[in-house]
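In this text, all values refer to a predicted model and were calculated from it rather than measured experimentally. Below, chain A is the first sequence line, B the second, and so on; all start at residue 1.
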Protein chains: 2
Amino acid sequence: MGMAAYKGQVKNIQDTPFGYTLSVIGGKWKMVIIYLLAENQPVRFNDLKRQIGSITFKVLSSQLKELESDGLIERKEYPQIPPKVEYRLTAKAETLLPVLEGLCEWGARNQNK
Amino acid sequence: MGMAAYKGQVKNIQDTPFGYTLSVIGGKWKMVIIYLLAENQPVRFNDLKRQIGSITFKVLSSQLKELESDGLIERKEYPQIPPKVEYRLTAKAETLLPVLEGLCEWGARNQNK
DNA sequence: ATAGGTACTATCAGAAAGGATAGTGTCAAT
DNA sequence: ATTGACACTATCCTTTCTGATAGTACCTAT
């Protein structure tokens with residue numbers, strides 16, 4: 001199983017398991033966000049922005065929204081002033097971590113060849 | 001290690017192991033191509049096109065070139081008429097297969113939730 | 001003579017992703 | 001009074017990705 005889902009013709013990769021996984025982690029910053037959250041949960045918005053460095057507000061905001069709607073992160077808003085919002089990984093995201101480790105390890109071994 | 005490469009600020013994800021792996025497999029069709037090659041090597045150009053179905057010549061051609069320049073596939077041209085070109089996976093690509101299996105399995109388990 | 005197969009390339013167009021910049025409302029500190 | 005922190009949103013622009021369509025050069029089969 002797994003990759004056997006590609007038997008026959010492929011119409012929309014989005015509908016295959018691989019396509020789904022990539023749609024969830026394939027954004028330019030998603031993996032970085034997941035990693036940073038895994039390291040020190042929970043994290044606040046501007047904190048995340050500072051840690052990533054070169055991302056813009058808009059892009060960080062849209063990536064977080066997508067991760068949230070894909071069920072990988074939880075957003076918790078504290079109704080106070082100044083506002084406070086915390087992000088943390090869901091259980092679903094935790095099951096992704098070993099897979100991401102695999103991607104990183106393969107990358108580390110093959111990057112400079 | 002692995003994901004620890006994200007310590008500190010991230011300038012270019014391309015330079016991280018994860019970014020490298022995604023740059024190599026992240027194209028819309030690359031995973032499909034790798035899977036089909038893994039299933040029945042070697043494969044010829046038009047054969048691949050027929051199996052994938054909805055890809056265009058141009059896109060297939062460019063994805064194959066990128067995979068080749070990333071060292072994942074080998075292109076062998078037979079100087080005859082009509083022309084014949086065969087594609088197959090390299091040893092480097094074979095080491096990627098378990099990682100791709102991981103992506104697919106996670107996707108299969110989480111796709112419809 | 002026409003159609004079809006081989007492996008493509010070239011050109012143009014549209015969609016999607018990502019980035020730059022500015023602004024919102026409230027409060028605390030200087 | 002100004003600055004800065006918080007968590008964003010809105011608008012516009014550029015870059016990248018993907019797709020549609022047509023065409024090349026040669027051969028074989030009908």
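OP1 or OP2 of C:dT6 lies within a sub-4.0 Å distance of a side-chain N or O belonging to B:R50. For B:S62 and D:dT18, the shortest distance from a side-chain N or O to OP1 or OP2 is not below 4.0 Å. Neither OP1 nor OP2 of C:dC8 sits under 4.0 Å from any side-chain N or O of B:K65. At least one side-chain nitrogen or oxygen of B:Q63 sits closer than 4.0 Å to the OP1 or OP2 atom of D:dT18. Between A:R44 and the phosphate of D:dA7, there is a side-chain N or O to OP1/OP2 separation shorter than 4.0 Å.
A 4.5 Å side-chain heavy-atom check between A:F45 and A:L64 finds at least one atom pair inside the cut-off. The shortest side-chain heavy-atom distance between B:V43 and B:L36 does not fall under the 4.5 Å cut-off.
Note on B:K49: nothing from the nucleic acid sits closer than 4.0 angstrom, heavy atoms only.
Checking D:dC6, D:dA20, D:dT9 against the side-chain heavy atoms of A:P83 singles out D:dC6 as nearest. Comparing atom distances between the B:K58 side chain and each of C:dC12, D:dC6, C:dG19 picks out C:dC12 as nearest. In this structure, of D:dA7, C:dT6, C:dC8, it is C:dC8 that holds the atom nearest to the side chain of B:Y87. Of the listed nucleotides (C:dT6, D:dC27, C:dG18), C:dG18 has the atom at the smallest distance from the side chain of A:V59. If you check D:dG19, D:dA7, C:dA7 against the side chain of B:T56, the one that comes closest is D:dG19. Checked against D:dT9, C:dT9, D:dA7, the side chain of B:F57 finds its nearest nucleotide in C:dT9. Considering only the side chain of A:P82, D:dC6 comes nearest among D:dC26, C:dC8, D:dC6.
The pair B:E74-B:K76 does not count as a salt bridge, with every side-chain nitrogen at least 4.0 angstrom from each carboxylate oxygen.
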key: Audit row: B:I33, B:L60, side-chain contact (heavy atoms from CB on, under 4.5 Å) steps and yes/no   = CA-CA 9 Å; B:I33 293 169; B:L60 177 54; 3.9 Å; yes
